[in-house]
Amino acid sequence: MTNEFSNELIDVINIIMKRKGISKVELAKRLNISKATLSNYLLKYRSLPYDTAILIAKELDIDISRIHDLSDYPLDEEEYKAYMEFKKLFDKHRKI
């Protein structure tokens with residue numbers, strides 16, 4: 001995984017974890033890795049391996065194919081709430 005892509009993904013992971021109230025300890029348990037290893041990835045001390053990035057994305061419901069266009073991830077809370085409402089409606093109608 002390129003360093004630039006990895007850094008963008010880590011920024012999104014940190015934002016989503018905060019919004020969802022998921023701690024490093026909780027996510028590390030879900031991924032079956034140590035909290036220290038996860039912290040090293042999230043603090044950008046170690047490069048995030050692609051397979052671990054995929055597991056994290058699945059746990060947090062992040063579409064990593066869209067990370068390069070961060071405009072799909074609104075950063076302020078008002079935009080985030082609107083995005084989540086749109087996503088709920090879209091997902092509901094897609095299932096019909």
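None of these values were measured; they are calculated from a predicted model. When reading the values below, keep in mind they use all heavy atoms of this one structure, side chains included, and skip hydrogens, waters and symmetry mates.
Taking every heavy atom of both residues into account, L38 and A28 meet most closely at CD2-N, 3.6 Å.
For the atom pair L31 CG and T37 OG1, the distance stands at 10.5 Å (nearest 0.5 Å). Here the straight-line distance linking atom CD1 of I33 with atom NZ of K24 works out to 11.5 Å at 0.5 Å rounding. Within the model, atoms CG of L27 and CG of L42 stand 7.0 Å from one another, a figure rounded to the nearest 0.5 Å. In this structure, the separation between CG on N14 and NZ on K44 is 7.5 Å, given to the nearest 0.5 Å. To the nearest 0.5 Å, the span separating NZ on K20 from CG on L60 amounts to 6.0 Å. The CD1 atom of I16 sits 12.5 Å away from atom CD1 of I56, with the distance rounded to the nearest 0.5 Å.
The shortest distance between side-chain heavy atoms of V25 and K29 falls below 4.5 Å. For the pair I13/L48, a side-chain contact is recorded, criterion being any heavy-atom separation below 4.5 Å from C-beta on. Taking 4.5 Å as the limit, every side-chain heavy atom of S47 sits out of range of all side-chain heavy atoms of Y41.
Applying the under-4.5 Å side-chain rule to Ile, Leu, Val, Met, Phe, Trp and Tyr, the cluster around L43 extends to Y45.
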**Prompt:** When you look at L55 and R30, which way does the side-chain contact (heavy atoms from CB on, under 4.5 Å) test go after all the steps?
**Reply:** CA-CA 9 Å; L55 294 174; R30 290 184 191 181; over 6 Å; no

